Enquirer: 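Before I ask anything, here is the structure I am working with.
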Amino acid sequence: MRKEAAAMVTAAQITHMMEGGMVADALGVPVEFSRRGTYHVTGMQGHGTYDQPAGSWSDDSSLTLCLMENVNESGDFANLFDKMAAYTRGRYTPRGVMFDIGHTTHNAIARFLAGTPPLDCGDTAPDTNGNGALMRIAPLALVLLTEDDAAERRQVISDTTRLTHAHVRSIIGSVLFVELLRALLRGETLADALGPVFQQVANSGFPAHEIAYYRRLAAPAFGQTPPAAIRSSGYVVDTLEAAIWVNLRSRSFQETALTAVNLGDDTDTVAQIAAMLYGAGHPEMTIPQEWSGQLMRTTLDRQIIAHFAKRYAEP
Ligand SMILES: [Mg+2]
């Protein structure tokens, strides 16, 4: 599957990928939970769902920053939980205040703080398969970029997911997403990578009836699925499908981010996941200045991303 002349991943690409995710998150925040067709986003705007200023990014970016800082420090899972708990107190946010967190993530942090071992904190119920692990897992594609053992990659992705989302469906979603990002970072196109990555994950020991929840991704014409058949909810399957579908139909970062945001419902997370996929597959990607200029950057997020990009860029 991997091309012999694999693309080199630069610090600039990693930076753009992560900043692109934050920009897309911020584009979606004002319209999160809005119904498709009842609004049309064309750029950064303020207020809306959480009444935040334009350029405010949410839990998707905050929890991704937690994981980036955690791996920067070679931290363990307790270290990562400490960071996620700090997020609930306002660290890793644009203005020092948390305004958004999913129930399942919140419950897992509470269990950790009550003394539960990290790998036992995640919810195992089928109705807790929200996108809360998917939204923070992308940095593992860089961490595992040079890990050639697929079983080892699966273990790391699985454990990092189960801290909050321990049902196998969430774990499969994370593995599919990280493996796709990794293939794109290696220079493959999404259209070429999707089928083989799906087959690789499907053949790696996960229950077939759980793999089946993602089976639409394996259809060669998935990108031609009509919009009405694409749900963009916070359910992990819907979020991953929507983000991939948007990428199969978009030709630029702007189109990717705006198409995702305008799908409605879980706008910020679908857009963030879609933007990360775009960034992984497009080393030359640029973010429109009018969007990046409005993104509410902080000293901390700049430091974390710079350190992470330097650490995981290929020499
Ligand atoms: Mg969010």
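Both ligands and their constituent atoms are indexed starting at 1 by order of listing. All figures in this text were calculated on a predicted structure; none of them were measured in a lab. The basis for the numbers below is simple: all heavy atoms, side chains too, and nothing from hydrogens, waters or symmetry mates.
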Enquirer: Enumerate the salt bridge (charged side-chain N to carboxylate O under 4.0 Å, His left out) contacts for residues 96-119, please, sequence neighbours excluded, ordered by first and then second residue.
Expert: R111-D123

Enquirer: Distance alone, cut at 3.5 Å: any donor-acceptor contact between the side chains of D159 and Q155?
Expert: yes

Enquirer: Give me each pair satisfying salt bridge (charged side-chain N to carboxylate O under 4.0 Å, His left out) with a member in residues 212-234, each pair once, sequence neighbours excluded.
Expert: R216-E241, R231-D238

Enquirer: Look at R297 together with E19 and state whether they make a salt bridge at an N to O cut-off of under 4.0 Å.
Expert: yes

Enquirer: Under 4.0 Å between a Lys/Arg side-chain N and an Asp/Glu carboxylate O for E210 and R169?
Expert: yes

Enquirer: Which atoms of the protein, restricted to N, O or S, are nearer than 2.8 Å to the Mg ion (ligand 1)?
Expert: S58 OG, D59 OD1, D60 OD1, D100 OD2, D268 OD2

Enquirer: What pairs meet the side chain to side chain donor-acceptor pair (under 3.5 Å) rule with one or both residues in residues 83-95, with sequence neighbours excluded?
Expert: Q52-R95, E69-K83, E69-Y92, E73-K83

